[in-house]
Amino acid sequence: MTVLVTGATGRVGSRVAEAARDAGHEVRAAARSGPVLFDWTDPATWTDALRGADAAFLAHQPDVGSPGAAEAVGAFARRAGELGVRHLVLLSARGEHQAHATEDALAAAGVRWTVVRAAWFAQNFSEGPLADAMREGGELVFPGGEVLEPFIDVRDVAEVVVAVLGAGERYAGRVLEVSGGRLLSFRDAVAEISRAGGREFSYVPVAAVEYGAALRGFGVPEGEVEFLIDLFETNLDGRNAYVSDGVREVLGRGPREFSRFVDEGVAGAAWKR
């Protein structure tokens, strides 16, 4: 099977590409730079990326619920169907009502589809701007309050996606929710990283509006900042404080433990200054 992976250089897309190769599939790794060009904002890049693919993984940037995502995903899915792509898997997020229009647009496109709604990624602590701040400043400043979240290892997300793509009709028309196996607060997660790594990190909860200044400092465009403030205010209100069984349903095993992620991150110097 030839699998198109959008966002193939990203946190999830890179793992989907790796898992698909491990499963024996031919991978077409698409991104805004590289041999397979793909940009959600440039439909002219879609046809060449899709042509000859049997299935595709969709990771919309900057977010599945961002303004314009539903229109882009719907148009992309319709073009995929015209080119003979048989199955589309969309990465979505648990509890994100802003993403529902995008999920609906995919379902209405006339192509076999599956939605994988994921919990907060464990790798957000070890990769990207939050990890950079922890390494450099020794603290995580974030609008997560004291809410509980079952952080999921992105490798589990990727393996679920690839298993779904290889299962034919079994998960067609399904919304699968995937999460880690236990609930932790952001404070708990930072404390686990501190204990395992032998370096004291602190967690500083802030209001979503206040966090907007940090996002601007990361170089996030103003319109995206406003969307993310709204997303944090709604999605981090405790609505996701439950465990989902999608990993076990699809893979026949439980999700990777957060402690395992932390131990591997420490071994790989993820939080070393």
Side-chain angles (χ1 to χ4, degrees), residues 3 5-25 27 29-34 57 59 61-63 91 93 116 118-142 144 148-163 178-204 214-215 217-220 243-244 246-248 250-251 253-273:
V3 179
V5 178
T6 66
T9 59
R11 206 159 298 161
V12 181
S14 61
R15 271 85 172 193
V16 170
E18 181 180 1
R21 292 189 187 99
D22 289 345
H25 304 307
V27 173
R32 283 180 288 187
S33 62
F57 168 69
Q61 296 297 325
D63 186 86
L91 176 66
V116 177
W120 182 273
F121 302 143
Q123 276 75 6
N124 287 339
F125 292 104
S126 61
E127 302 172 19
L130 298 184
D132 292 340
M134 290 178 67
R135 279 190 296 268
E136 296 165 11
E139 64 180 17
L140 174 66
V141 179
F142 193 69
L148 299 177
E149 176 78 21
F151 302 109
I152 186 168
D153 193 304
V154 293
R155 292 171 295 183
D156 287 335
V157 179
E159 289 174 23
V160 166
V161 168
V162 172
V178 296
S179 79
R182 62 186 172 108
L183 294 171
L184 295 163
S185 68
F186 286 83
R187 189 181 303 280
D188 294 333
V190 170
E192 284 208 21
I193 293 169
S194 296
R195 286 193 296 271
R199 178 186 173 191
E200 190 64 32
F201 294 102
S202 60
Y203 169 60
V204 182
L215 292 171
F218 296 151
V220 177
V243 172
S244 299
V247 172
R248 185 171 297 281
V250 176
L251 301 180
R253 62 162 176 82
R256 289 174 170 87
E257 284 286 340
F258 186 78
S259 57
R260 173 181 171 185
F261 154 76
V262 171
D263 289 343
E264 291 173 349
V266 169
W271 297 284
K272 188 173 183 179
R273 196 161 15 203

*S14 side, atom OG; E127 side, atom CD - distance, nearest 0.5 Å*: 7.0 Å
*Are the side chains of Y203 and S185 in touch, meaning some heavy atoms are under 4.5 Å apart?*
no
*Using modelled atom types only, decide if a donor and an acceptor are shared between the side chain of D22 and the backbone of A19 within a distance under 3.5 Å.*
no
*asked:* Let me confirm one number: the CG-CG distance from L148 to D188, rounded to the nearest 0.5 Å.
replied: 7.0 Å
*R199, R135, E136, M134 screened by side chain to side chain contact (heavy atoms under 4.5 Å, CB included) with R273, the one that passes*: R199
*Side-chain (T6) to main-chain (F57) donor-acceptor, under 3.5 angstrom*: yes
*Mind listing the closest non-hydrogen atom pair of D263 and A196 along with its distance?*
OD1-CB, 4.0 Å
*asked:* Rounded to the nearest 0.5 Å, what separates atom CZ in R11 from atom OG in S126?
replied: 7.5 Å
_Residues R256, E264; criterion salt bridge (Lys or Arg N to Asp or Glu O under 4.0 Å); working and verdict_ = CA-CA 12 Å; R256 289 174 170 87; E264 291 173 349; 5.9 Å; no
*Evaluate side chain to side chain contact (heavy atoms under 4.5 Å, CB included) for F201 paired with L140, printing each intermediate quantity in order.*
CA-CA 7 Å; F201 294 102; L140 174 66; over 6 Å; no
_Shortest non-hydrogen separation from V247 to V160 and the atoms involved_ = CA-CG2, 4.1 Å
*Answer yes or no: is there a donor N or O on one side and an acceptor on the other, between the side chain of S179 and the main chain of S244, under 3.5 Å?*
yes
_Residue pair I152 / W120, side-chain heavy-atom distance below 4.5 Å_ = no
*asked:* For F121 and V157: C-alpha separation, side-chain torsions, deciding distance, then whether side chain to side chain contact (heavy atoms under 4.5 Å, CB included) applies.
replied: CA-CA 9 Å; F121 302 143; V157 179; 4.3 Å; yes
*Measure the CH2-CG distance between W271 and D132 for me, rounded to the nearest 0.5 Å.*
13.0 Å
*Return the minimal non-hydrogen interatomic distance between L251 and A163, and the atom names on each side.*
CD2-CB, 3.9 Å
*Do you know the tightest heavy-atom contact between A118 and L91?*
CB-CD1, 4.3 Å
*Where is the tightest heavy-atom contact between V243 and G180, given as atom of each residue plus distance?*
CG1-O, 3.5 Å
*Begin from the C-alpha positions of D156 and R253 and carry the test salt bridge (Lys or Arg N to Asp or Glu O under 4.0 Å) through to its verdict.*
CA-CA 10 Å; D156 287 335; R253 62 162 176 82; 2.8 Å; yes
*asked:* Can you tell me how the ring of F258 sits relative to the ring of F125, calling it parallel under 30°, perpendicular over 60° and tilted otherwise?
replied: perpendicular
*asked:* Using side-chain heavy atoms (C-beta onward) and a distance below 4.5 Å, is R15 in contact with V161?
replied: no
*Give a yes or no on this: more than 12 heavy atoms of other residues, nucleotides or ligands lie within 6.0 Å of atom CZ of R182.*
yes
*Between E192 and V262, which heavy-atom pair has the shortest distance, and what is it?*
O-CG1, 3.9 Å
